[in-house]
Amino acid sequence: MAGILAWFWNERFWLPHNVTWADLKNTEEATFPQAEDLYLAFPLAFCIFMVRLIFERFVAKPCAIALNIQANGPQIAQPNAILEKVFTAITKHPDEKRLEGLSKQLDWDVRSIQRWFRQRRNQEKPSTLTRFCESMWRFSFYLYVFTYGVRFLKKSPWLWNTRHCWYNYPYQPLTTDLHYYYILELSFYWSLMFSQFTDIKRKDFGIMFLHHLVTIFLITFSYVNNMARVGTLVLCLHDSADALLEAAKMANYAKFQKMCDLLFVMFAMVFITTRLGIFPLWVLNTTLFESWEIVGPYPSWWVFNLLLLLIQGLNCFWSYLIVKIACKAVSKGKVSKDDRSDIESSSDEEDSELPGKTPHAATATNGTSGTNGYLLTGPCSVDD
């Protein structure tokens, strides 16, 4: 075990040439980031999760009710023992052959069976009230952490001149504000990693899982080798658009369509400007070129920049989705659901009634207007 730890913490990998871990031990004159500091993130992640539960129950839910957002979920599928058995024991997405067999067995047409399975799948999805509460929690946290980051960074010299990220590196002391900012962000993303398995499931679950994993690794990595100064720039820049996104979603759930459209436009402008413009031209410029000039490359430097480039790749992917939504909005005159919506789209077959059911007007599957679905949620991290 000692050999494995010695290999993992090899100074030639983590630190610049002629720098040792002993040089970065805390002294009376200066405090430096220590790997053991990161253990604090785990109990704090649990605390953040508990605060979220309390916030959603006693703050977000009353706000949702005051906005007349109901707890009703999608339309309930007509009870049918045969279809229910197939749904729970065999498949939730029957193929054409199985649909034809069920059609003959039940004397239903295929389209009615398809609609039943769609309604039954949507039946397991969360209500609009649940989504509003989740978005309000994220909005509140993102707004707080972004505000804190701006207030902290405006007093920091590396915001105004990124070369200060590398002057005297790695002998840059760790301040209380920087330590708090880093541990808070890391704790939040650890809480997202675990809550993602219980939160609203979306089609890009794998992409978001990768995003959270890379974010946690990037925060941890940059803290251990004391690249925290440039790390704060990355964090604050990526937090800038998240509150606007969650605000747009809340407006969407509350059926404030004009406000939703305005907030989404603001979000799209901030997101694309910061992540496709400022991030590569400002942050990647300093991590790739200024650091090379002032400090020089070493093994963990390459890993750090590769992680940043991976984050940039995700930024490009989400920017494509945002532009796609914007194009649809221009054609339809309003922001509607995107391809990642957790509620399946209704179709013209909703006009046909289920056997034994009275006719009803076609509605969206969540029982509200068709625009009250999920807006894009992928980019809300160092994100989310």
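The figures here come from the full heavy-atom set of this structure, side chains too, leaving out hydrogens, waters and symmetry mates.
A donor-acceptor pair is defined here as one N or O able to donate and one able to accept, closer than 3.5 Å; no such pair exists between the side chain of Ser156 and the backbone of Leu159. Between the Gln172 side chain and the Tyr167 main chain, a donor and an acceptor come within less than 3.5 Å of each other. With hydrogens and angles disregarded, no donor-acceptor distance shorter than 3.5 Å links the side chain of Asp177 to the backbone of Phe152. The backbone N or O of Phe217 sits nowhere less than 3.5 Å from a side-chain atom of Thr220 that would complete a donor-acceptor pair. Remark: the backbone N or O of His164 is not paired with any side-chain donor or acceptor of Asn161 at under 3.5 angstrom. With Thr286 contributing its side chain and Val283 its backbone, the two residues share no donor-acceptor pair below 3.5 Å. The main-chain N or O of Trp108 is found under 3.5 Å from a side-chain atom of Ser103 such that the two form a donor-acceptor pair. Of the possible polar contacts, none joining the Thr273 side chain to the Val270 backbone as a donor-acceptor pair under 3.5 Å is found.
In this structure the side chain of Ile325 reaches within 4.5 angstrom of the side chain of Phe264, judged on heavy atoms. The shortest side-chain heavy-atom distance between Cys63 and Met136 falls under the 4.5 Å cut-off. Side-chain contact check for Leu153 versus Leu233: some heavy-atom pair is nearer than 4.5 Å. Looking only at side-chain heavy atoms (C-beta outward), Ile48 and Trp137 come within less than 4.5 Å of each other. At least one side-chain heavy atom of Lys154 sits less than 4.5 Å from a side-chain heavy atom of Trp160. Between Tyr182 and Ile219 there is a side-chain heavy-atom pair separated by less than 4.5 Å. Under the 4.5 Å side-chain criterion, counting only non-hydrogen atoms from C-beta, Glu134 is in contact with Glu56. Looking only at side-chain heavy atoms (C-beta outward), Leu244 and Phe271 stay at 4.5 Å or farther from each other.
Of all the heavy atoms in Cys236 and Gly149, the pair that sits closest is SG-C, 4.0 Å. Nearest heavy atom pair, residue Pro16 against residue Tyr169, reads CG-CE2, 3.7 Å. Closest approach of Lys155 to Arg151, counting heavy atoms only: CE-O, 3.4 Å. The minimum heavy-atom distance between Ala45 and Ser191, with the atom names listed, is O-CB, 3.6 Å. Closest approach of Ile183 to Ser187, counting heavy atoms only: O-OG, 2.7 Å. Nearest heavy atoms, Asn26 versus Gln34: OD1-NE2, 3.4 Å.
In this structure, Glu96 places its CD atom where only 12 or fewer heavy-atom neighbours from other residues, nucleotides or ligands lie under 6.0 Å away. The environment of CE in Met259 is sparse: at most 12 heavy-atom neighbours from other residues, nucleotides or ligands sit within 6.0 Å.
Side-chain contact check for Trp158 and Thr232: at least one donor-acceptor pair (N or O, by modelled atom type) lies under 3.5 Å. A donor atom on one side chain and an acceptor atom on the other are found under 3.5 Å apart for Asn315 and Gln312.
Among residues two or more places apart in sequence or in another chain, the salt bridge (Lys or Arg N to Asp or Glu O under 4.0 Å) test is passed with Glu293 by Arg163. Looking at residues two or more places apart in sequence or on another chain, you find a salt bridge (Lys or Arg N to Asp or Glu O under 4.0 Å) between Lys92 and Glu124. A search for side-chain contact (heavy atoms from CB on, under 4.5 Å) contacts involving Cys47 returns nothing, not counting sequence neighbours. With sequence neighbours excluded, the residues that form a ring-ring contact (aromatic ring centres under 6.0 Å, His included) with Phe194 are Trp190. Under the salt bridge (Lys or Arg N to Asp or Glu O under 4.0 Å) criterion, Glu84 pairs with Arg120, sequence neighbours left out. Every residue two or more places apart in sequence or in another chain was checked for a salt bridge (Lys or Arg N to Asp or Glu O under 4.0 Å) with Arg229, and none qualifies. For Tyr181, the ring-ring contact (aromatic ring centres under 6.0 Å, His included) test picks out Tyr148, with sequence neighbours left out.
Hydrophobic cluster of Leu53: the remaining members, joined at side-chain heavy-atom separations below 4.5 Å, are Phe46, Phe49, Met50, listed by chain and number. In this structure, Ile54 belongs to a hydrophobic cluster whose other members, linked by side-chain heavy atoms under 4.5 Å apart, are Phe58. Through chains of ILVMFWY side-chain contacts below 4.5 Å, Phe146 is grouped with Val150.
Using a 4.0 Å cut-off between charged side-chain N and carboxylate O, Arg275 and Asp242 make a salt bridge. Checked for salt-bridge contact, Glu246 and Lys249 meet the test: a charged N lies under 4.0 Å from a carboxylate O. Between Glu100 and Lys104, none of the side-chain N atoms (NZ, or NE/NH1/NH2) sits under 4.0 Å from a carboxylate O, so this pair counts as no salt bridge.
Residue pairs satisfying the side-chain hydrogen bond (donor to acceptor under 3.5 Å, both in side chains) criterion with at least one member in residues 3-20, sequence neighbours excluded, are listed as follows: Thr20-Asp23.
Separation of the Tyr142 and Phe188 ring centroids falls under the 6.0 Å cut-off.
The same ILVMFWY cluster, assembled from side-chain heavy atoms under 4.5 Å apart, contains both Phe8 and Ile216.
Leu218 contributes atom CG, which lies 10.0 Å from atom CE of Met227 (distance to the nearest 0.5 angstrom).
Note: Phe87 and Phe117 have tilted aromatic rings, judged against thresholds of 30 and 60 degrees for the angle between ring planes.
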Using atom types as modelled, flag every donor-acceptor pair under 3.5 Å from a side chain in residues 301-310 to any protein atom, sequence neighbours excluded.
unit_1, atom_1, unit_2, atom_2, d
Trp301, NE1, Thr287, O, 3.2
Trp301, NE1, Ser291, OG, 2.7
Asn305, OD1, Thr287, OG1, 2.9
Asn305, ND2, Thr287, O, 3.4
Asn305, ND2, Trp301, O, 3.0

